[in-house]
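Just below is one structure, and these are the notes that go with it.
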Number of protein chains: 2
Amino acid sequence: MESSDIKKAGLKVTLPRMKILQILEASEQRHMSAEDIYKALIEEGEEVGLATVYRVLTQFATAGLVVRHYFDGTSAVYELNRGEHHDHMVCLRTGKVVEFYDEIIEKRQLELASEYGFKIHDHSLILYGEFDETDE
Amino acid sequence: MESSDIKKAGLKVTLPRMKILQILEASEQRHMSAEDIYKALIEEGEEVGLATVYRVLTQFATAGLVVRHYFDGTSAVYELNRGEHHDHMVCLRTGKVVEFYDEIIEKRQLELASEYGFKIHDHSLILYGEFDETDE
DNA sequence: ATGTATGCAAAACATTTGCACCTGG
DNA sequence: CCAGGTGCAAATGTTTTGCATACAT
């Protein structure tokens, strides 16, 4: 359990916060919107406000417990920060998201930043397209 | 003049559309939000509705005349499609945006997609950070 | 003429905030 | 006990839409 993580972030270990972490851990879709998480909470019979979900996710993101992504312009999605950075392929047909990591791209980004006199805090690489229709 | 481009996109050549293209050409900040463009139009004394700006930008994006980016979660920005694809470095301090292109990264993306059985339609690479404070 | 475009106001979303009440340490 | 957290409703900011009017071809 990582109520310890919540504490480490300087936040009180409350029910909504623990539940939200649990949902992010348990969900097979690793990338969820605030609304997705809210619905999951409601389905579990939890009495949490949507505003709380947003507040908690923002706090978690600031604390580094979760990572926020903007795959499309309409809403943010959140995933648990499992420590290993990665980028994403997003299927425009099914919405499926696959994570990948590439050393060459990572290194090249640093080289480019250095060339431009730029210090990278963070980056976002998203490939939009579609997976072979061998499955769904 | 590229009223021809508007026509090629199957759109009527109207004043708002031409004005919006002009602004995107003329502006020294190559990346503008719908609101930015709307304000620029008003300053020029044009009578254009904000809704029209949104509609036209969406049509232009669909037609490939402009490219839409989501640098932050709060609003989309648009830039003229000048034909050469590039990615972006965004300064978190000043908002400055610098474009770059790297053959190695581009190629590597294709290789990775191929490995994953993924066909790339489009991609977005954004580096967030800050430029050296030698200037502003 | 006539199908498209436009402007305006209203609607639709995603997200944030104010405030009175609740709760964890 | 009491600072911090929560729920609710209202506010905010961005983008979309319905509709009556205006315009390009």
Side-chain angles (χ1 to χ4, degrees), chain A residues 1-23 31-42 44-63 65-78 95, chain B residues 1-23 31-42 44-63 65-78 95:
Chain A
M1 242 318 101
E2 51 295 272
S3 45
S4 47
D5 295 327
I6 299 181
K7 215 170 291 175
K8 243 183 291 174
L11 301 169
K12 284 188 182 170
V13 180
T14 64
L15 219 97
R17 286 179 181 152
M18 298 204 346
K19 286 293 174 192
I20 289 173
L21 268 196
Q22 279 174 26
I23 291 203
H31 304 83
M32 303 180 77
S33 69
E35 190 74 35
D36 290 339
I37 293 170
Y38 175 68
K39 279 189 200 134
L41 286 166
I42 296 304
E44 290 187 7
E46 297 299 329
E47 303 231 331
V48 195
L50 181 54
T52 299
V53 175
Y54 275 105
R55 271 187 293 237
V56 169
L57 286 172
T58 299
Q59 293 160 338
F60 282 2
T62 303
L65 283 180
V66 306
V67 182
R68 188 185 345 227
H69 300 288
Y70 300 104
F71 288 160
D72 62 10
T74 71
S75 73
V77 294
Y78 301 81
Chain B
M1 244 312 108
E2 50 297 89
S3 44
S4 50
D5 295 326
I6 298 180
K7 214 170 291 176
K8 244 183 290 175
L11 301 169
K12 285 187 181 169
V13 180
T14 64
L15 218 99
R17 289 183 179 146
M18 298 202 347
K19 284 294 173 193
I20 289 173
L21 269 196
Q22 280 175 27
I23 290 203
H31 305 84
M32 303 180 77
S33 70
E35 191 74 34
D36 289 339
I37 293 170
Y38 175 67
K39 280 190 202 135
L41 285 166
I42 296 305
E44 291 189 6
E46 296 300 328
E47 302 229 332
V48 194
L50 180 54
T52 299
V53 175
Y54 275 104
R55 271 187 294 237
V56 168
L57 286 172
T58 299
Q59 293 159 340
F60 281 3
T62 302
L65 282 180
V66 306
V67 182
R68 185 182 352 224
H69 301 286
Y70 300 104
F71 289 159
D72 63 11
T74 71
S75 73
V77 294
Y78 301 81

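Each chain gets a letter, A, B and so on, in the order its sequence line appears, and its residues count up from 1. Keep in mind that what you see is a predicted model, and the values were worked out from it rather than measured.
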Exercise for review: Under 4.0 Å between any heavy atoms, over every strand shown, what does B:L11 touch: base, sugar-phosphate, or nothing? Just pick one.
Suggested key: sugar-phosphate
Point to revise | Any A:T74 side-chain N or O less than 4.0 Å from OP1/OP2 of D:dT15 | key: no
Check your understanding: Taking the side chain of A:K12 as heavy atoms from C-beta outward, which of D:dT6, C:dG24, C:dA5 is closest to it?
Key -> C:dG24
Review point. Under 3.5 Å, side chain of B:D72 to main-chain N/O of B:S75, donor-acceptor pair present?
Key: yes
Exercise for review: Write down the distance between CG (A:L41) and C1' (D:dG7), rounded to a whole number of angstrom.
Suggested key: 13 Å
Revision key, fill the gap. Quick note, B:P16 side chain, CB onward, closest among D:dT15, C:dT6, D:dG5 is C:dT6
Exercise for review: Select one nucleotide: of C:dG24, D:dT16, C:dC19, the one nearest the side-chain heavy atoms of A:R55.
Suggested key: C:dC19
Exercise for review: Quickly work out the B:E47 CD to D:dC23 P distance and round it to whole Å.
Suggested key: 11 Å
**Study point:** B:M32 CE to D:dT14 P, straight-line distance once rounded to whole Å
**Key:** 15 Å
Review point. Looking only at side-chain N and O atoms, does B:Y54 come under 4.0 Å of OP1 or OP2 in D:dT16?
Key: no
**Study point:** B:R17 CZ - D:dA24 P separation (whole Å)
**Key:** 11 Å
Check your understanding: So B:H31 and B:D36, side-chain contact (heavy atoms from CB on, under 4.5 Å) or not? Walk me through it.
Key -> CA-CA 9 Å; B:H31 305 84; B:D36 289 339; over 6 Å; no
**Study point:** Upstream residue (5' side of DNA chain D) when B:T14 and B:T58 are each assigned their closest nucleotide
**Key:** B:T58
Review point. Nearest-Å distance, CD (B:E35) to C1' (D:dG13)?
Key: 9 Å
Review point. What's the spacing between B:L41 CG and B:Q22 CD if we round to 0.5 Å?
Key: 9.5 Å
Revision key, fill the gap. A:D72 CG to D:dT14 C1', in whole Å, measures 14 Å
Study note, to complete from the structure: Per atom distances to the A:A51 side chain, the nearest of C:dT15, C:dT16, D:dT6 is C:dT16
Practice item. Find out whether A:K8 and A:L65 are in side-chain contact, i.e. whether some heavy atom of one side chain is under 4.5 Å from a heavy atom of the other. Key: no
Review point. Would one find a side-chain N or O of A:T52 under 4.0 angstrom from OP1 or OP2 of D:dG7?
Key: yes
Point to revise | Separation of atom CG in B:L57 from atom P in D:dT16, rounded to whole Å | key: 10 Å
Practice item. Nearest whole angstrom, please: distance from the P of C:dT6 to the CG of B:L15. Key: 9 Å
Check your understanding: Do B:K39 and B:I42 have side-chain heavy atoms sitting under 4.5 Å apart?
Key -> no
